[in-house]
Asker: 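To start, I am sharing the structure in question, which I have written as structure tokens.
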Amino acid sequence: DTGVSQNPRHKITKRGQNVTFRCDPISEHNRLYWYRQTLGQGPEFLTYFQNEAQLEKSRLLSDRFSAERPKGSFSTLEIQRTEQGDSAMYLCASSLVPGGSGSPLHFGNGTRLTVT
Amino acid sequence: AQSVAQPEDQVNVAEGNPLTVKCTYSVSGNPYLFWYVQYPNRGLQFLLKYITGDNLVKGSYGFEAEFNKSQTSFHLKKPSALVSDSALYFCAVRDGRSQAGTALIFGKGTTLSVSS
């Protein structure tokens with residue numbers, strides 16, 4: 001179990017630029033989640049995949065955000081035309097099904113995005 | 001409304017004393033409840049969960065939590081605190097509105113500080 005890996009750890013970008021983050025889940029985990037965490041708040045759900053299928057998206061996920069998991073392994077989260085309000089820690093997590101909705105999430109260390 | 005409340009931003013205890021970190025929730029349907037811990041510059045780590053069964057659940061590092069349906073609470077406890085328990089603790093509940101029942105709603109977090 002090598003854990004959930006996220007790259008890069010930090011990203012500083014100028015407003016209006018596009019950014020892409022990568023997440024490598026625990027290898028045998030078939031569910032992958034993206035959350036966003038701002039300072040002083042708990043993580044907020046963005047989207048989740050089961051294998052390569054994106055099965056749920058939060059209303060927080062505006063059309064500037066897109067996530068993919070093309071082969072059911074790693075995932076990318078892209079933010080287009082970044083805004084200062086996008087500055088946050090982006091967390092990836094994975095879990096194993098079966099285990100249902102009670103399966104614990106394994107989180108990566110996150111990617112901290114700063115939009116200037 | 002689906003929500004999780006952690007009424008204390010910070011809890012201070014002396015090493016060796018018992019600790020309690022409070023959590024109350026509001027959710028439709030049967031609650032799936034979780035506690036996660038976040039150490040500085042690290043991802044969230046799963047501590048314990050309540051799905052069904054015994055109201056007292058035991059988890060990692062000597063932590064336990066008590067589910068109280070009438071008070072809609074799920075307080076985290078430990079009989080004897082360690083300095084190494086100092087961290088940020090998050091309570092979470094499965095979002096009953098989530099289509100696939102996978103999204104979690106997190107509280108804002110409680111910082112636990114254990115003094116030697």
Side-chain angles (χ1 to χ4, degrees), chain A residues 1-7 9-10 23-26 29-51 53-61 88-112, chain B residues 2-10 21 23 25 27-53 57 59-60 63 65 67 87-111:
Chain A
D1 180 355
T2 57
V4 177
S5 176
Q6 292 188 246
N7 289 288
R9 290 296 305 274
H10 304 275
C23 172
D24 289 89
I26 294 172
H29 285 187
N30 49 5
R31 283 190 174 181
L32 185 147
Y33 309 77
W34 286 98
Y35 282 77
R36 181 175 67 187
Q37 185 178 17
T38 53
L39 198 61
Q41 302 295 320
E44 297 173 295
F45 171 76
L46 293 178
T47 188
Y48 110 92
F49 293 82
Q50 180 150 330
N51 300 314
Q54 188 174 18
L55 297 185
E56 188 167 0
K57 294 193 289 187
S58 163
R59 59 180 173 79
L60 294 176
L61 209 67
M89 178 75 84
Y90 289 84
L91 300 172
C92 177
S94 66
S95 69
L96 179 64
V97 175
S101 299
S103 297
L105 302 183
H106 297 256
F107 283 86
N109 289 344
T111 293
R112 182 170 296 283
Chain B
Q2 318 276 319
S3 64
V4 174
Q6 294 182 240
E8 302 155 318
D9 290 336
Q10 180 148 348
V21 182
C23 172
Y25 65 90
V27 65
S28 58
N30 293 323
Y32 285 21
L33 294 156
F34 304 81
W35 276 100
Y36 285 83
V37 60
Q38 187 173 34
Y39 297 98
N41 300 315
R42 300 293 302 276
L44 281 77
Q45 297 178 30
F46 169 76
L47 276 180
L48 49 80
K49 67 179 180 182
Y50 172 83
I51 306 298
T52 187
V57 294
S60 305
F63 284 92
F67 171 65
L88 182 57
Y89 290 80
F90 290 99
C91 180
V93 65
R94 184 187 66 169
D95 188 345
R97 301 163 302 183
S98 170
Q99 294 170 0
T102 58
L104 295 180
I105 299 172
F106 284 84
K108 291 185 177 182
T110 298
T111 299

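Residue numbers start from 1 in every chain, and the chains themselves are labelled A, B, ... in the order their sequence lines are given, proteins ahead of strands.
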Asker: Can you list everything that forms a side-chain hydrogen bond (donor to acceptor under 3.5 Å, both in side chains) with B/Ser28? Sequence neighbours excluded, please.
Answerer: B/Gln2
Asker: To the nearest 0.5 Å, how far apart are OG in A/Ser95 and CG in A/Asn30?
Answerer: 7.0 Å
Asker: Let me know which of A/Leu46, A/Leu105, A/Leu60 forms a side chain to side chain contact (heavy atoms under 4.5 Å, CB included) with A/Tyr35.
Answerer: A/Leu105
Asker: Using a cut-off of under 4.5 Å for heavy-atom pairs, which of A/Gly108, A/Pro104, A/Gly110 has the most such pairs with chain B?
Answerer: A/Pro104
Asker: Can you find a side-chain donor-acceptor pair between B/Thr110 and B/Glu8 that sits under 3.5 Å?
Answerer: no
Asker: Which bit of A/Arg9 is near chain B, if near means a heavy-atom gap under 4.5 Å: side chain, backbone, both or neither?
Answerer: side chain
Asker: Hey, could you give me the NE2/CG distance between A/His106 and B/Leu44, rounded to the nearest 0.5 Å?
Answerer: 12.5 Å
Asker: Does any backbone or side-chain atom of A/Gln37 lie under 4.5 Å from a heavy atom of chain B? Answer side chain, backbone, both or neither.
Answerer: side chain
Asker: In terms of heavy-atom proximity below 4.5 Å to chain A, should B/Gln38 be classed as side chain, backbone, both, or neither?
Answerer: side chain
Asker: Using non-hydrogen atoms only, which part of B/Tyr50 is less than 4.5 Å away from chain A: side chain, backbone, both, or neither?
Answerer: neither
